Each structure stands twice: as C-alpha cells, then as structure tokens.
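Model, not experiment: these values are computed from the prediction. All residue numbers refer to positions in the sequence shown, counting from 1.
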Amino acid sequence: MNDPKLLTRPDMSEDAVAARFARNLAAFERYAPQLHSRLAHMDHLATRLTADDAGRIDIVFGDGALYHSDAVDYTNAQLADYFAQPERVYISMKTANKLLGLAGEFARWSVAYPETHEIPMTKDRTGNDASYVFVYGVGLGLHLAPLAAHAECRDLILVEPNFEHLRHSLSVIEWDEIFASIHASGGSVYFIFEREIDAISSRIREIVRETGTAFLDGSYVFQHFGSGMLNGARQAFHDDFALHIYGLGFYEDEVVMMSNAVTNLGRGTTKVIASPLPVRDTPVIVCGSGPSIDKDMDFIIANRENVILVSLGSSLRALRSHGLTPDYHVELENEEANARNVGNAVEEFGIPEGTTLIASTSVRPEVCRYFSDRVFYFRDRVSSTMLLSSGADPLGACGPAVANAALITLLYMGFRKMYLFGIDMGTRERDTYHAAATYIGMGKMPEWGGDNRFEVPANFGGTAYTEGILNWSRFTFENVVRLHRDLDCINCSDGVRIGHVTPQLSRLVTFPQGRLDREKVKDRIAEGMPNYSDKHCQSLWRREQLERHANGVFGRVNKILDGADPTGDMDWARALYSETRYADVVTTEPPTHAFLFGTTVLMLASMIWVEGRITDPDARVEYRRAALTEFRSLFARMSRRYTKLLDDVDEFFDGTRDELEAFKEDVA
C-alpha cells in the first residue's frame, strides 16, 4: 500500500491492543477529559469488538455486524471512492447584492475585484484544505486520520450515535496522533453523541459559531455508515447550511436596535417581561399570517369570546379586516416594513383599542405609538439587551420569526394552552407564504420568502414547502416546545409539520363555554410585570465605560489588521474573528462585540470565498492586500459611527434631542 491515504491493518494482538488502549485513554484524559472517565469505566457493553486470525476487524451486535466482514477493507474502499469525489459544501455569494450595510459593501467589492482586475477564478475552492471536516459516524475511527490529513483541517466534528463505538475505537486506532495533529493546527476534535437530528444540528451550529463561521466554505462532509438518524442528520446539515450565516446581525442593525431601545425605554415608564409568571390554563389562539388562516377565520370569530386572541406581525390586518381586535399583538423586528404594516392597519381600521403591544425593546418607536398599552421584552444576543436589560431575563429563541417571539413571551406570561392558526412555517402552495387578507397577500407589500424552497412533511399529511428562515423558525419553535413539557400546544395550521406539537383540525377543537373575562386575565398578568422607568434606563447608560471599552476593541482590531501579512497564512483572520466574537453568556461587559461580530463574520466570509478561488498565488496576495485596506477603512467607519451613537444618546438623555435617528450609512 503505497498510497498514504490507505490503511494498514493494526496489530490486534492482545499486548498491542492493551498498550494502544492505555495510550488512547491517556490521550482522552489530556485532550477530551469530559469523556475519559466514561470510557475508562464501561464494563458491560451491548456490542463486541472482534478480530480473527486474518486480522479482520468488526463490531458485532447480536446477529449483526457494523462492517459485515472487515473494517479495514470497508474503510479503504469507502475512502478511495470519497477521495475520488469528495463531498464538500460551499457558501454562496449569489445574494451579495442583498447584504446590508458595510458587510454588503465589502461583499460586492470582493466579488467584483477579480473581474475588474482580470483575475481568473475557479468555481469552487482551489486545493484540498478546509477548516472543517464533519464526520457522521465514528465506528472504529479508521477513516478519521486520512480524512483530517487530506483536508488539512483545523477542526474535526464527529457525530456518533453509539458511544460504544468510540470505546471500541480505542483498541484500534491511535487517538493521540489525531488529537495532536488537530491541536497543532490550532483546532479541536468535537464529539456529538445526541440522538435527535435537531439536537445534532443545533450543537453543530454552536461549535461552528464558537470556532469560525466565516471559515465554513469548502468544508468536507463524510458519512461512515448508514443509519436513519445519521442519514437524516447529514441531510439536515445540507438543508440548513445557510443557517450558519443567518441571524448573526449587522453593525448597522445593532445601531438601530440600540437607538430604538433607548427611545422606547428612555421616555416615561413601561411594563417589561422580566421573569416567568405563574402558569395559567387560559386558552390562547395564536394567529400567524400563513395562508391557511384564511379558511379558519370563521372558527376564530365564533370562539373569540372564549379565548385570549393574539396577532403576530402581518396577521394584525387579517384579524382587523374580519372585525377582530386581538388582546395582544406581538412584534419582533425593527424593519420599516413591519412598522408600515402596523401603520397601514391603523389607518385602515383605526387604533386597536384594548390591544396590548408585546414588542422587543428594539422595535421602531413609531410602532409603539399606535398602542396605548405596551409591554416590552428583551431579546437575547443583541447590544441593547446586554446594556439595558438590568436583571430582566434575555429571551432566547425569540427569533428568527415573530412566531418564535410569541411562543416565548406567552410562555413567560404563564400561558400553557396554545392553539396555532396560520403558523404555517411555509406553505402547501409553493409560492404563497401569506394569508390573502395581509398586505403581502393583497400584493401591496412584497413577498419575502427565500429562493431556496424545499419539500417537508405537512401538518395534516402530504407535502408542504418551506425555505431557510422559516425552517430555522420551525426548528427553534420545536426545541422550545420540547423543553416545556407542561405546554399543551395544538397546531390547527395547514402548513408545515411542527415537531412536538399536536396537529388538530379546527372543527375538532372545543373551548370552555362562557365568556372569558379577558380584561381580568390581562390585569393579573400586568400586575406580575415590573415597571421600567426612563430614569432607570438613563442610569444604565455609562458613556465613559462604553467609550473606553470600544476604544480598546477597535484598537486591538487595528493592531491585528496593521500586523497582517498578506503573503503569509491567515492567522490574522482567525485573530479578527476571535477579537470580535462575543460569548452567549450573561456579562456586565459593554456590548461592543455585539455591534461588530455579524458584520465582521460576513466580511471575512466574503474574503475567504474570493481568495480561495484565485488560482494565481501572486494575484491572491494582491487581493488579500487590497482586502486588508478595505477592512481598515470599514472598521474606521464603524468606529466613527459608534462615537456618533454615543453622542446622540447623550443628547437624547439631556433633552436636546427628542428622538434618536435611524442609521446613517457613514459619518465624516
């Protein structure tokens, strides 16, 4: 065997296996101590490692076997096929024109650079190297070292549903060499033993976010053996690949959210959702804007007096057009389109008297003015929450869609009986994502559903269609429901099947008869919520601390960029990612990183995409040099705009500015 990628048979003599096992236990104690104790004390296994006189190795369980003869021959054949045509994933720059702000500006500059400088590019990345190798199935692990060597990867992410396989691998391969090689490159080996596909997907996203979302382009995907769970997890990785980039935010958006939050909280006193309220069994009809709500509107009207009625985003118009005034209306985003949607409904049907707005602190202030009664919540992982929440719980999983925000806020308000209408998470008809009575359904506002649409199981059987953001919303919704075992959630929507939620046709749903005292319910809930005053908001705004922290971060960023060598490796890009990344933990540190991270990731990802497709080494160096110049310019602009935000908020609090301005692209 002259090919270094092909395997030789390990010595499976008793002494050799014992020595190898001891070395590997020591390696796990050093590199993966969280697994060491479990591996060292597994005495009663359901599977067996076998090795015959010819050196054939297998894992057997009952009458079955994993490799059906020999692990070495199986893996050699599998690797030969794989290396001839490896499975790799690539980010797409087709939507560069749609990216916002400075990230979009840099992406468009990057994509245009090779053409304007007449530099040839390949369709996919040049060379074998990649930051990540995602492996579905460890088995005896014979494939791991060849894969890592071929990809020259930094991080090795291993999904294995059977922990006993890992235990057996300690008798067969040299884990110390694998760990040492990966750690020498600056990376780590990650193990995922989850048995649910969504949990695997979630853990992979956590790892990638921690280690380098910007460096995903060209990653390898390898499945070692077949199983329903591994097949599904691998397919889910491909289906959800774009979600690694979604939701990281933009610098400009953080400026807007901070400005909005200060405006919303910095005038007068309001109620906020701070902690979970006592559980109540009051039924709630939650109305989304999916197309299936149209056919259930008569049912909602007939049962309106028996329930708490909640509208979400675009569904406000659908309810108001049928003479319904919701008890609560939920808003999440700060987009102008969302504010216009509410404003148009008010202009058409009047101010919704008796409706309480439940809104993120970061929604546009004009939305709040349409409602006399308002409750704010703090969405997690945004700069305004980090600075202003002051002990209130940041609400995780309240995005990416308003349906997620409604689920979390209603749970915090104590509701445990929810009936979903129009929460379609997609559509039964491929190109129709909104109800006919919404402004989008009427053609007065543009449809926003993404282009990457794919088939998924429908709620009442058959096939539905979804796209990236809505599928992400479904995944997040399912995880929240799964964790709240006391939640009775009924899905009457004729859209996408939502896991852990009970499908039920509306005609089979019954509510307690008699008029519900909705005002009494709302009053009780309001009594349990703390007040948040403008004085408290102002007390949390510490200009000197914010400025000092930001100057430190921008200073370190400038040092990284000034010291970057375009002719060398890309360690500076890793350093920039690490400097701007913020951890998903509660911290008293000023939120500078929350402003920078999303835009930095998108800029780095754009650069990695382009430089990895330039074949000429000299041209690649010149592109990197030019990209570094752009990076310095863009971070300087971010620094200036941050200083202006601080000045604007100071003026707002001292009364010389009535309202904070929306984001302006640049500051001279």
Would you say the side-chain atoms of Asn264 pair up with the backbone N or O of Val363, donor to acceptor, closer than 3.5 Å? yes
Just verifying a value: how many Å separate Gln504 CD and Asn459 CG, rounded to the nearest 0.5 Å? 10.5 Å
Angle class for the Phe237/Phe134 ring planes (parallel below 30°, perpendicular above 60°, tilted otherwise)? tilted
Check the pair Arg203, Glu206 against salt bridge (charged side-chain N to carboxylate O under 4.0 Å, His left out), reporting the backbone distance first and the verdict last. CA-CA 5 Å; Arg203 180 63 184 132; Glu206 290 174 0; 3.2 Å; yes
Within a reach of under 6.0 Å around NZ of Lys295, are more than 12 heavy atoms found that belong to other residues, nucleotides or ligands? yes
Donor-acceptor contact below 3.5 Å, side chain Ser389 vs main chain Phe378: no
Between the main-chain N or O of Leu596 and the side-chain N or O of Thr599, is there a donor-acceptor pair closer than 3.5 Å? no
Run the numbers on Val221 and Tyr136 for side-chain contact (heavy atoms from CB on, under 4.5 Å), then give the verdict. CA-CA 8 Å; Val221 180; Tyr136 292 84; 3.9 Å; yes
Tell me whether the rings of Trp541 and Phe653 are parallel (<30°), tilted (30 to 60°) or perpendicular (>60°). tilted
Do the numbers put Lys522 on top of the ring of Tyr328, so that NZ or CZ is under 6.0 Å from the six-membered ring centre and no more than 45° off the axis? yes
Let me see the working for Phe376 and Tyr532 under ring-ring contact (aromatic ring centres under 6.0 Å, His included), right down to the final yes or no. CA-CA 9 Å; Phe376 289 107; Tyr532 190 107; 8.9 Å; no
Using modelled atom types only, decide if a donor and an acceptor are shared between the side chain of Arg320 and the backbone of Phe349 within a distance under 3.5 Å. yes
Given 3.5 Å as the limit, does a donor-acceptor pair link the side chain of Asp393 with the main chain of Leu395, or not? no
Kindly check if the number of other-residue, nucleotide or ligand heavy atoms within 6.0 Å of CZ (Arg518) is above 12? yes
Is a side-chain N or O of Asp424 found less than 3.5 angstrom from the main chain of Ser292, in a donor-acceptor match? yes
N/O donor-acceptor pair under 3.5 Å between Thr263 side chain and Ser259 backbone: yes
Between Arg374 and Cys368, is there a donor-acceptor pair closer than 3.5 Å when you use the side chain of the first and the backbone of the second? yes
Quick one: does any side-chain atom of Asn260 pair with a main-chain N or O of Ser362 as donor and acceptor, under 3.5 Å? yes
Leu505 side, atom CG; Asn491 side, atom CG - distance, nearest 0.5 Å: 10.5 Å
For Tyr412 and Tyr377, run ring-ring contact (aromatic ring centres under 6.0 Å, His included): C-alpha distance rounded to whole Å, both residues' side-chain angles, the deciding distance at 0.1 Å, then the answer. CA-CA 10 Å; Tyr412 258 72; Tyr377 62 91; 9.7 Å; no
With respect to Ile358, which candidate in Leu332, Asp373, Val330 satisfies the side-chain contact (heavy atoms from CB on, under 4.5 Å) definition? Val330
Is it the case that more than 12 heavy atoms not belonging to Gln34 sit under 6.0 Å from its CD atom? yes
Hey, does the side chain of Tyr439 reach the backbone of Ala345 with a donor-acceptor pair shorter than 3.5 angstrom? yes
Heavy-atom check, side chain of Phe415 versus side chain of Leu487, under 4.5 Å: no
